[in-house]
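See below for the structure under consideration.
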2 protein chains.
Amino acid sequence: MIKYINKIHNRDSSTFLRNLPDDSVNLIVTSPPYADKRKRYYGSVHPKNYVEWFVPIADELHRVLKSNGSFILNIKEHPRDGERDTYVLELILELKKRGWYWIEEYCWYKKNSFPGKWPNRFRDSWERCLHFSKQKDFEMFQDAVKVPIGDWAEKRFKSLSENDFKRHVSSTNGSLGRNVSNWLDRKRVYPHNVIVLEEERYLSNGLSDEGNNVPNLIEFATVCHNKNHSAAFPIELPSWFILLLTKEDDIVLDPFIGSGTTAVAALLLNRNYIGIEKNKEFAQSARAEILELLKQKKKDAKTKQENFS
Amino acid sequence: MIKYINKIHNRDSSTFLRNLPDDSVNLIVTSPPYADKRKRYYGSVHPKNYVEWFVPIADELHRVLKSNGSFILNIKEHPRDGERDTYVLELILELKKRGWYWIEEYCWYKKNSFPGKWPNRFRDSWERCLHFSKQKDFEMFQDAVKVPIGDWAEKRFKSLSENDFKRHVSSTNGSLGRNVSNWLDRKRVYPHNVIVLEEERYLSNGLSDEGNNVPNLIEFATVCHNKNHSAAFPIELPSWFILLLTKEDDIVLDPFIGSGTTAVAALLLNRNYIGIEKNKEFAQSARAEILELLKQKKKDAKTKQENFS
DNA sequence: GTTCCGCATGAATCGATAG
DNA sequence: ACTATCGATTCATGCGGAA
């Protein structure tokens with residue numbers, strides 16, 4: 001097993017997964033090629049064939065996942081011929097038949113969705129994050145993803161909305177000070193099943209003194225900050241599930257890792273990764289990015305040590 | 001037909017709908033009894049039987065809907081035995097077999113979701129709003145639901161120092177007029193398929209001078225404000241779809257109208273309604289609420305007239 | 001060093017046109 | 001009839017250059 005860990009494998013998941021032993025991975029998180037998209041890199045999977053293409057892979061994933069592990073599938077069906085396609089619904093039903101439990105459907109709310117205007121629909125700004133498991137009692141570390149409390153306190157004054165403004169006018173009647181102090185001792189609560197990614201949350205996780213044993217999140221937040229936020233699969237998304245569903249030194253598998261986002265997230269959170277990527281250019285770029293990250297980590301560690309001595 | 005309009009019918013939809021003529025309704029919007037919930041009022045529909053219970057009703061709805069009309073189904077499957085149930089997925093597939101087009105799945109993001117804590121899941125804060133139609137080219141009035149631009153407030157208030165902000169707060173101090181003028185010079189854009197309800201948005205719709213012929217929205221917003229926001233089906237939700245999918249004097253049908261929310265929304269937006277409610281107490285309370293609203297409307301109209309003369 | 005303005009750019013979708 | 005390509009549409013975000 002150890003020979004597969006912390007590597008990007010330039011192979012096809014539908015065959016490569018057979019190499020991995022049973023019950024060896026703590027978390028699978030992936031954003032597979034959507035039907036009929038990314039043709040250039042993956043070859044088209046027609047929506048009609050999507051379920052039958054995915055099912056054998058899902059069977060292998062079920063085999064390699066530890067019994068208390070989780071499988072997070074980020075996906076969203078596209079419109080086809082004016083309607084939403086149904087292959088994701090069919091996939092869920094099929095995976096259940098194959099022995100997966102469908103625990104939850106998280107809604108990833110993407111505020112910066114692609115622009116456009118059409119007569120029959122608005123912009124699509126959410127995707128499904130389907131949570132499957134092998135057992136009903138899987139591992140979940142809810143404290144690791146706590147968020148700063150509440151609606152209006154979430155936004156600083158820089159992002160003060162009109163809504164908040166009005167509430168000030170009517171209720172606090174001009175006494176701003178109290179509100180500011182609310183900020184400083186903000187309480188942290190459990191999130192819900194709508195995921196709205198905000199860097200600040202991660203930063204505050206890292207800076208928290210509540211002892212939620214999340215390592216290196218200051219560096220983590222910095223890296224996040226530098227990354228391209230309009231990316232398809234922003235690092236915050238796998239990070240959130242890695243924090244929620246694994247502990248340090250666990251193994252995270254991404255069978256369609258693309259440019260390596262899941263691996264970077266795992267490394268930054270001190271987890272091990274196994275990345276599989278069919279496309280050669282993607283695999284290479286993933287490896288390059290990971291090397292870069294490791295260099296940066298070493299440098300940071302050195303700097304820290306020098307500052308102490 | 002006219003004898004059914006603008007009434008709450010204390011009947012069972014599964015039989016009463018047969019009275020309505022073909023192609024007579026512009027919009028159906030409803031939040032049906034969820035499987036195994038609201039037992040007290042509806043009698044339990046077991047999840048296993050949910051699809052077969054709903055399908056005959058859906059067939060009737062298909063018949064009475066105008067060919068360019070829409071059907072909005074607000075629903076969310078509950079967890080059962082640790083998993084999300086699949087009856088909603090199965091219902092979508094079945095309705096498609098019955099001739100409905102599944103145009104879109106809107107995500108209704110409920111920020112004030114029901115509290116609770118469980119070891120294997122977070123609080124459920126979104127529901128599906130499934131959009132079905134009879135044709136692929138249905139009526140849609142996107143301009144009616146435009147929203148203030150995302151970062152307008154942010155940019156605007158970022159430039160103010162804290163002192164400026166304080167002054168702003170104290171000077172306005174409950175005088176709505178100042179706020180209104182702020183609203184007017186906000187740019188407005190099309191929304192996306194995640195619905196986050198905020199009263200202020202509707203208020204701004206009503207005050208807008210962009211001529212989106214939405215009447216009486218000041219009253220509307222006032223009523224909203226007085227309503228209980230933790231209610232299962234807040235008035236903003238049907239209102240949003242009524243604005244999006246009908247024009248004035250159109251007919252809106254809710255086959256499970258409960259305490260009358262959809263009717264109130266329709267009236268406030270100058271649409272006609274047909275409400276069906278099996279439960280006697282709910283039907284009566286719906287009628288009472290509508291009467292109250294009509295009284296209020298008359299009084300407002302009178303006051304307005306006196307002010308002019 | 002900051003803040004601000006302008007601009008390019010995205011896992012997009014529809015409808016029309018062409019092969 | 002079915003597939004492939006292109007143009008038009010739209011807005012949140014990060015970046016670079018300027019004040």
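No experiment lies behind these values; they were computed from the predicted model shown. Lettering of chains follows the sequences in order, A, B, ..., and the numbering in each one begins at 1.
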message = Restricting to side chain to side chain donor-acceptor pair (under 3.5 Å), what partner residues turn up for A/N272, sequence neighbours left out?
response = A/N6

message = Can you measure A/F114 atom CZ to D/dA8 atom C1' for me and round it to whole angstrom units?
response = 12 Å

note = salt bridge (Lys or Arg N to Asp or Glu O under 4.0 Å) filter on A/D59, not counting sequence neighbours, yields A/R98

Atom pairs under 3.5 Å: protein N/O with N/O of nucleotides 14-19 of chain C:
| residue | atom | partner | partner atom | Å |
| --- | --- | --- | --- | --- |
| C/dC14 | OP1 | A/R121 | NE | 3.1 |

query = D/dT13 P sits how many Å from B/H192 NE2, rounded?
reply = 10 Å

query = Rounded to the Å, how far apart are A/K48 NZ and D/dT3 C1'?
reply = 12 Å

task = Round to the nearest Å and state the distance from A/D124 atom CG to D/dA12 atom C1'.
result = 15 Å

query = Between B/Y190 (OH) and C/dA12 (P), how many Å, whole number?
reply = 21 Å

Short N-O contact, B/K66 and B/E139, less than 4.0 angstrom = no

Separation of atom CD in A/E77 from atom P in C/dA11, rounded to whole Å = 18 Å

request  = Counting heavy atoms from C-beta on, name the nucleotide in D/dC11, C/dA12, C/dA11 closest to the side chain of B/V189.
outcome  = D/dC11

query = In whole angstroms, how far is the P atom of C/dA12 from the NZ atom of A/K111?
reply = 21 Å

request  = Take A/E277 and A/N279 through the side-chain hydrogen bond (donor to acceptor under 3.5 Å, both in side chains) test and state the conclusion after the steps.
outcome  = CA-CA 6 Å; A/E277 175 52 47; A/N279 178 270; 5.5 Å; no

Pair of N/O donor and acceptor under 3.5 Å linking C/dA12 base with A/S113 side chain = no

message = Does C/dT13 have its OP1 or OP2 closer than 4.0 Å to a side-chain nitrogen or oxygen of A/H78?
response = yes

request  = Could you list the residues that satisfy side chain to side chain donor-acceptor pair (under 3.5 Å) with B/T86, not counting sequence neighbours?
outcome  = B/E90

ask   = When the aromatic ring centroids of B/F241 and B/Y106 are compared, is their separation below 6.0 Å?
value = yes

task = Measure from the ring center of A/F54 to the ring center of A/W100 and say whether it is less than 6.0 Å.
result = no

request  = State whether B/E77 and B/R84 are salt-bridged, where the test is any N-O pair (Lys NZ or Arg NE/NH1/NH2 against Asp/Glu carboxylate O) under 4.0 Å.
outcome  = no

note = Output row for DNA chain C, stems defined as at least 3 consecutive Watson-Crick or G-U pairs under 3.5 Å, is C:2-10 with D:11-19, C:12-19 with D:2-9

task = Provide, to the nearest angstrom, the distance between the CG atom belonging to A/N112 and the P atom belonging to C/dA12.
result = 12 Å

task = Not counting sequence neighbours, which residues clear ring pair (Phe, Tyr, Trp, His ring centres under 6.0 Å) with B/H192? List them please.
result = A/Y109

task = Provide the distance between the two P atoms, one in C/dA11 and one in D/dA8, to the nearest whole Å.
result = 22 Å

